[in-house]
There are 2 protein chains.
Amino acid sequence: MSEDFTLPSVRVTAPPADRFAEFLKRRGKRVTQQRRLIVEQVYSHHDHFDADELISHLQELIAQRKVSRPTVYRTLGELVEAGLLRKMVLDGRSVFEHDYGYPRHDHLYCQMCNSLIEFHSAEIEQLRDAVARRHDFQVHGHRMFVTGVCATCRRVQQEG
Amino acid sequence: MSEDFTLPSVRVTAPPADRFAEFLKRRGKRVTQQRRLIVEQVYSHHDHFDADELISHLQELIAQRKVSRPTVYRTLGELVEAGLLRKMVLDGRSVFEHDYGYPRHDHLYCQMCNSLIEFHSAEIEQLRDAVARRHDFQVHGHRMFVTGVCATCRRVQQEG
DNA sequence: CTACTTGCAAATCATTTGCAGATGA
DNA sequence: TCATCTGCAAATGATTTGCAAGTAG
């Protein structure tokens, strides 16, 4: 169920659940059963997911009335505020990914199979900063999507 | 405000309305009064806009029953398909910009005043292509947003 | 205790769709 | 002519909210 990340042997960061608890306390919010369950599910895989996928993984708990749909949405928002998740919009639906204990990255987005391939380029960041400087713009971050077709889909396409 | 790109004095492309007409014909679709009106409004300014803004500019025509809300949405979709508009999603709303007779670009997005500053970097594209090659990924295009605070807002912030 | 939370059902809100009448080629 | 459009009203679908009852600290 949860053999999460193989972190470097020296743990430099607290577990997400702890980070979240800390965030909640700082905000005068409470560590509830449902927030615990949701964070556990969210961090049980390193995947991109949307609210619906998360909810379907929580089906059983929802059936047992341990968690509800609105609470999932509410908690996802808090996890983003806490800096534990990154949110992006793909084809109208909100997609989330881990944003803690995981390196910054951008995505190659395959328009055939909708898969996301992660990459990182320090050079692109440098160019970004140069452009920003030129515009006297203070950078907080960026988001980049490269759209196209992945190797697998191109292969399938040729065969078909 | 934005005197970004100075377009070449020699027009190398047909007017958007003509391009659209061509696109429609190719698809067995018709050049109607409302499609004409919408394209005219869309190309009367070089701005970023969302459906609501466009509709509010068309208020008068809507009051006169010359155009309706659903038709605006339908036509926006066709303009995107035709390659005349680029669509992006910002804070949950769809934002459009001209994508014809205008150079490709990315954006600096000021989170304080929500303004978009356009920029282009051939070097970033080269790095993008290099990354894609490394992943055996066929690039169709990309989208990049640099978030932060623009010069004007930083100035205001300091004064305040 | 009691302020923060939750689940439920209902509300939003931008966008989309079914359909009967209107219209462009 | 007649297939394509349009406006209208109603439907959608993901997300949000009001509120009374539940629970963490």
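Just the heavy atoms: all of them, side chains too, but no hydrogens, waters or symmetry mates, feed the values below. So you know, we letter chains A, B, ... as the sequences are listed, proteins then strands, and number each from 1.
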- Given B:H107 and B:H48, is the side-chain hydrogen bond (donor to acceptor under 3.5 Å, both in side chains) satisfied, shown in steps? CA-CA 11 Å; B:H107 297 93; B:H48 300 87; 3.2 Å; yes
- Item | Residue A:R30, side-chain atoms from C-beta onward, closest of D:dT6, C:dT5, C:dA14 | C:dT5
- Any idea which of D:dT16, D:dG7, C:dG7 is nearest the A:Y73 side chain? D:dT16
- Message: Please determine whether a side-chain nitrogen or oxygen atom of B:S94 lies at a distance below 4.0 Å from atom OP1 or OP2 of C:dA14.
- Response: no
- When you check the phosphate oxygens OP1 and OP2 of D:dC8, does a side-chain N or O of B:R65 lie under 4.0 Å from one of them? yes
- Query: Centroid-to-centroid, A:Y102 to A:H46, below 6.0 Å?
  - Reply: yes
- Message: Using a heavy-atom cut-off of 4.0 Å across all strands, would you classify B:R35 as base, sugar-phosphate, or nothing?
- Response: sugar-phosphate
- Closest to side chain of A:V31, choosing from D:dG25, D:dA14, C:dA25: D:dG25
- C:dT5 C1' sits how many Å from A:L24 CG, rounded? 12 Å
- Query: Rounded to the Å, how far apart are A:E78 CD and C:dC4 P?
  - Reply: 13 Å
- Task: Quick one: label A:K66 by what it contacts on the DNA or RNA (base, sugar-phosphate, nothing), any heavy atom closer than 4.0 Å.
- Result: sugar-phosphate
- Are any of the side-chain heavy atoms of B:M144 and A:R128 separated by less than 4.5 Å? yes
- Task: In whole angstrom, give the distance that lies between atom CD1 of B:I62 and atom P of D:dG7.
- Result: 9 Å
- Message: With a 4.0 Å cutoff (strictly under), does any side-chain N or O of A:T71 reach OP1 or OP2 of C:dG7?
- Response: yes
- Message: If you only use heavy atoms from C-beta on, which nucleotide in C:dG24, C:dG7, D:dT23 is closest to the side chain of B:T32?
- Response: C:dG24
- Message: Can you measure A:R69 atom CZ to C:dC8 atom P for me and round it to whole angstrom units?
- Response: 12 Å
- Query: Counting only distance, no hydrogens or angles, is the base of C:dG24 paired donor-acceptor with the side chain of B:R36 under 3.5 Å?
  - Reply: no
- B:P70 vs B:Q34, nearer the 5' end of DNA chain C by closest nucleotide: B:P70
- Atom-to-atom span, CG of A:L37 to P of D:dT23 - whole angstrom: 14 Å
- Hey, is CZ on A:R26 packed in by over 12 heavy atoms from elsewhere, all under 6.0 Å? yes
- Item | Rounded interatomic separation in angstrom, taking CD from B:E53 and P from C:dC13 | 17 Å
- Between CZ of B:R93 and P of D:dT15 the distance, given in whole Å, is 18 Å
- Query: Roughly how many Å is it from CG in B:L76 to P in C:dT16, rounded to a whole number?
  - Reply: 10 Å
- Assess whether one donor atom and one acceptor atom, taken from the side chain of A:R74 and the base of C:dG7, lie less than 3.5 Å apart. yes
- Side chain of A:E53, backbone of A:D50: donor and acceptor closer than 3.5 Å? yes
